[in-house]
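Keep in mind it's a predicted model, so treat the numbers as computed, not measured.
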Amino acid sequence: MVWKKQYMEGELMAGNKSLRSAEKAKVDEFYTQLSDIEKEMRYYRKHFKDKVVFCNCDDPFESNFFKYFVLNFNRLGLKKLIATCYVSSPIANTQLSLFDITGTEEDKQNKAYKAVITKVYDKSGDGGIDMFDVAELFKSGENELTELAGDGDFRSEECLELLDESDVVVTNPPFSLFREYVSILLERHKYFVIIGSQNAITYQEIFPLLMDNKIWLGYGNGDMSFRVPDYFEPRETRFWIDENGQKWRSMGNIAWFTNLDIKKRHEELILVKKYNSDEYLKFDNYDAINVNKVGDIPCDYTGVMGVPITFMYKYSPDQFEIVNALNRYVLVGNEELNKEIRNNHSHACNINGKATYFRILIRNKHPEVNLIAK
């Protein structure tokens, strides 16, 4: 996993700002289930062979991302697995504690660790590989588990050096630092598969990357359940405590983001509806028609269409071109048009004076030619 305490924005700053940042970071501490990781990773197996995988937000033995890759190390043909963590996880000792390897609980507090795996085998000789075998391989020195010099923040120099050493990054970074996290990965020219909020599609820093086909959405989306620390307050919805006393939260807007090519990107939508001006109204401030549902995209329209953000789950660059996006203003460029919209106290998504939600502007690269409409 994990969204850790090192991601408290401003934790090194004094006073109230630090306190506010710390409180903000707490809402980032969600722990991904192994089943959700397994379901997504099955589509990327070919991308891991002979590669160095880095989980740079993940406590060894407490992160299901680390667990997935270490237990599948040989099957995936990994060259190396690296994981870094910051401080003791809020959900500790649920799989196998680092205390068994590194000392007492007191020794572990407020220390950052690096785990480096280069081999995995049945160390205990019981006929199977499990996390206890991995622990024994650490104890014997066949794999490396060491304390980091710094705080383990993914932005720290030693973690960036490990990032440079890696080929593929897989984790769920903190929502609050998602923009910065993605920016670092792209600046360092890294492949990745990461979890984020569907709302990230609308971010001014993220949408242009989607538009330019620098990143795209993976397979999983929608509902996902996460373990959360004990200090999380109960909620009326999407919250429960299981029979073991573990607290859980679910979210309905989770998405996987990646820049690894996957089959899904090249599967084109089957379009069955035809354009007609009565059903497909135009926006007041932009020359494009509005499409309320992805399934209603007309097959014969040659112009620009505004579609919901859920389109990104079905987007194939072979079939569509992403032109821009409309929110309150036109998201990318068009400063003159945005100035005009502001001056008119209007909204870029307005249709007959009424605003719709965020729209992605697309054009069909191959519309039906027998009934072309404008």
Run the numbers on Asn72 and Glu38 for side chain to side chain contact (heavy atoms under 4.5 Å, CB included), then give the verdict. CA-CA 10 Å; Asn72 289 280; Glu38 290 173 334; 5.5 Å; no

Candidate pair Ile201 and Leu217, rule side chain to side chain contact (heavy atoms under 4.5 Å, CB included), full reasoning: CA-CA 9 Å; Ile201 294 170; Leu217 268 60; 3.9 Å; yes

Determine, step by step, whether Tyr31 and Gln246 satisfy the side chain to side chain contact (heavy atoms under 4.5 Å, CB included) criterion, reporting the C-alpha distance in whole Å, the side-chain angles of both residues, the deciding distance to 0.1 Å, and the verdict. CA-CA 12 Å; Tyr31 294 72; Gln246 173 63 59; over 6 Å; no

Before giving the answer on side chain to side chain contact (heavy atoms under 4.5 Å, CB included), spell out for Ile194 and Val182 the whole-Å C-alpha distance, their side-chain angles and the decisive distance to 0.1 Å. CA-CA 9 Å; Ile194 58 176; Val182 171; 3.8 Å; yes

Assess whether side-chain hydrogen bond (donor to acceptor under 3.5 Å, both in side chains) is satisfied between Asn64 and Thr32, documenting all intermediate values. CA-CA 7 Å; Asn64 281 322; Thr32 313; over 6 Å; no

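The pair Glu136-Lys139 counts as a salt bridge, with a side-chain nitrogen and a carboxylate oxygen less than 4.0 angstrom apart. The pair Arg238-Asp223 counts as a salt bridge, with a side-chain nitrogen and a carboxylate oxygen less than 4.0 angstrom apart. Taking the charged nitrogens against the carboxylate oxygens, Glu321 and Arg363 do have a contact shorter than 4.0 Å, which makes a salt bridge.
Checking Asn292 against Arg359 by side-chain atom types alone, a donor-acceptor pair falls below 3.5 Å.
Test Ile289, Asn276, Val291, Leu271 against Tyr301 for side chain to side chain contact (heavy atoms under 4.5 Å, CB included) and you get one pass: Ile289.
Sequence neighbours left out, the pairs with a member in residues 191-202 that pass side-chain hydrogen bond (donor to acceptor under 3.5 Å, both in side chains) are Ser197-Asn253, Gln198-Tyr313.
Counting heavy-atom neighbours within 6.0 Å of Lys314 NZ, excluding the residue itself, gives a total of 12 or less.
No continuous path of ILVMFWY side-chain contacts below 4.5 Å connects Phe358 to Leu281, so the two sit in separate hydrophobic clusters.
Looking at Tyr280, its side chain does come within 3.5 Å of a backbone N or O of Asp296 through a donor-acceptor pair.
For the pair Arg179 and Tyr203, the cation sits on the ring face: its NZ or CZ lies under 6.0 Å from the ring centre, inside 45° of the axis.
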